[in-house]
Peer 1: 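I'd like to ask some things about the structure below.
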Amino acid sequence: MATNLVNLERVDKSYGITPLLEQVSLGVSAGERIGLVGRNGAGKTTLLGLLARTEEADAGRVTHNRGLRVGVLGQRDDFEPGRTVSDVVLGDLPAHTWLSDRRARDVLTGLLADVPLERTVDGLSGGERRRAALARLLVREHDLVLLDEPTNHLDIEVTDWLAQHLRGRSEALVAVTHDRWFLDAVCTTTWELADAQVNSFEGGYAAYVLARAERDRMADASESRRQNLLRKELAWLRRGAPARTSKPKFRLDAASALIADEPDPRDQPALAKFASARLGKTVVDLKDIDVRRGERELLREVSWQLGPGERIGVVGVNGAGKTTLLRLLAGETEPDHGKVAWGQTVQLGHLSQELGTLDPDVTVAAAAEEIKRVVKLAPDNIRPGAIGRRPVPTVGPEVTAISLLERFGFRGDRLRTRVGELSGGERRRLELLCLLLTEPNVLLLDEPTNDLDIDTLQVIEDFLDGWPGSLVVVTHDRYFLERTCDTVWALLGDGRFAMLPGGVEEYLQRRQNGVGGPAAGSAAGASPSVAEAPGAAGSGAAGSPAPAQDGAVRQASAADQRAAKKELAKLERQLSRLTVRVDQLHSAQAEHASDYERLMELDGELRGVQAEKDEVETRWLELAESLEGTA
């Protein structure tokens, strides 16, 4: 039986007059990996403080195993100004100690390969500071590790490394995080903190969603809206998110019973048709775009089109130019070369990373109603599972701004709260809602999940499921990206903007294989590629070529790579066009469902287009693999 490390016995804790914990008893055993979830303000950070004994309980008892070594990662670091990265990460550890420790070397390579140890912490970015704080914690041995939002400011690549590293460690772990992919990848138990109680569920996030949905069904929950969101998310998880390597291990009979009548989250053909009616054929068109920032080439000869109803997720290492790309699409910055064209009916909505666009002195309700008191939503019959979608109407139901605020979690006294008194997560939620009140038909979202709790993320995802416009999302939240987007594109750090049919998994594989140049903030980018490794070029039974021959080989190889990259870009444009055509044919089939002859014609054309798309995808993968082999 595993050793018990920490116990809470009948613990009470309040913040002012608000009870956070009431008569809570729980324990953490050696080797357990626990994810702690709950609404913002529920008391998750406070519970971590009680486990670490940096917070005092109002009543009850917290006990530690004798000699327990606890490591804590807070939401903010406490680095002293002027100190070097080496000072804050390694402290007084002798060089021979950490150099001889394989795990310490792995941590420094995985988190700080691109950050010189002699650099001062003052000039580090938010992501670099977070990685340094994680490295300081993980180079040392602990019995229990407590993590408060460990993936904040981390890109997808570093988050993937962190998840793999934590799975390989033997310490017990409790992590507060809103990153649902991370919860699924790392945790074997999930704690839910709600109504001052902690409920424990076996498994990661997917198993937790199933357990919550089952619990609500058995209790005949009155919060039908909340229950429906859980069933919807469960259906998406059960069917398998795109590009997930391991699907959740559900009790299949229970999951299938809960989602038997649950449709797909989005009716893509109907949404595409409605978006086309609002936007026309042209949304945003980039033509031969070059963008440089100092010595860095962010975009090089990029030609790309955003189509009506497309949902694009953009990934890339920190510093690759994702925010610059969104500002380019929004018309807020100019390219160094090339042209950006927008459709005549485009109404852009751009959510940037910065807070502060709202007047801090007005109330939540006033901030929303200043923009619009009543807003038109998308038609109900383009929601998943709707019947009778012929024809798709051009208007939807009207709702008040107050109704939308309540849907986004602003109820009762919170409606009358001044904007300046809101938490960071609440302000982020309100800014997104106010953006939606302007009724844009193109949404550009830059890190929309920052500071948001899981319940809020579910509400936003549900709203976007029925939102009929073009969407471009930049996010480090892998779960949100896979949940809301249909296609993933990557800024690879070498000026290219490439479509990834394999989604995030393909991006991680390409980064691991060294495809795409290094960019700021990338641990993988600091590693030499195969071509740079000693003896990699010209090796073989015949020996190394002569210098002149070697130059000719390199020249031919470079020419081949340029030709392959050119063909790759052409194939990506073909894939994008064919994907749009497939969606159009699905829409046409829905429109002519009662016309058998026309359905047969459409079915034949759809088969042909799908076959062509499969051929293009196969060729694309062959080229991508060949480029990986020569990178």
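Just so it is clear, the structure is predicted and the values come from calculations on it, not from any experiment.
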Peer 1: Run R478 and E505 through salt bridge (charged side-chain N to carboxylate O under 4.0 Å, His left out) and show every step you take.
Peer 2: CA-CA 10 Å; R478 179 171 173 178; E505 282 297 323; 2.4 Å; yes

Peer 1: Is D462 salt-bridged to R407, cutoff N-O under 4.0 Å?
Peer 2: yes

Peer 1: Around R10, counting heavy atoms of other residues, nucleotides and ligands shown, do more than 12 lie under 6.0 Å from its CZ?
Peer 2: no

Peer 1: Return yes when atom CG of D413 has more than 12 non-hydrogen atoms of other residues, nucleotides or ligands closer than 6.0 Å, and no otherwise.
Peer 2: no

Peer 1: Rounded at 0.5 Å granularity, tell me how far CZ in R76 sits from CG in D148.
Peer 2: 9.5 Å

Peer 1: Answer yes or no: is there an ion pair linking R129 with D77, defined by an N-O contact shorter than 4.0 Å?
Peer 2: yes

Peer 1: Name the one of D160, V317, L491, V488 that satisfies side chain to side chain contact (heavy atoms under 4.5 Å, CB included) with Y507?
Peer 2: V317

Peer 1: Please check if atom CZ in R418 has more than 12 non-hydrogen atoms from other residues, nucleotides or ligands closer than 6.0 Å.
Peer 2: yes

Peer 1: Rounded at 0.5 Å granularity, tell me how far CD1 in I460 sits from OG1 in T449.
Peer 2: 8.5 Å

Peer 1: When rounded to the nearest 0.5 angstrom, what is the spacing between NZ in K322 and CG in D155?
Peer 2: 6.5 Å

Peer 1: Using the rule side chain to side chain contact (heavy atoms under 4.5 Å, CB included), only one of L325, L328, L326 pairs with T333; which is it?
Peer 2: L328

Peer 1: Is a donor from one side chain sitting under 3.5 angstrom from an acceptor on the other, for D446 and Q353?
Peer 2: yes

Peer 1: Tell me if a side-chain donor or acceptor on R411 pairs with a main-chain N or O of E406 at a distance below 3.5 Å.
Peer 2: yes

Peer 1: For the residue pair W161 and H165, does the interplanar ring angle fall in the parallel (under 30°), tilted (30 to 60°) or perpendicular (over 60°) class?
Peer 2: parallel

Peer 1: Is atom CG of D58 surrounded by more than 12 heavy atoms (other residues, nucleotides or ligands) closer than 6.0 Å?
Peer 2: yes

Peer 1: Is a side-chain N or O of T190 found less than 3.5 angstrom from the main chain of F201, in a donor-acceptor match?
Peer 2: no

Peer 1: Evaluate the side-chain proximity of V364 to R414: yes if any heavy-atom separation is below 4.5 Å, no if none is.
Peer 2: no

Peer 1: Using a strict 4.0 Å threshold on nitrogen-to-oxygen distance, state whether E398 and R373 make a salt bridge.
Peer 2: no

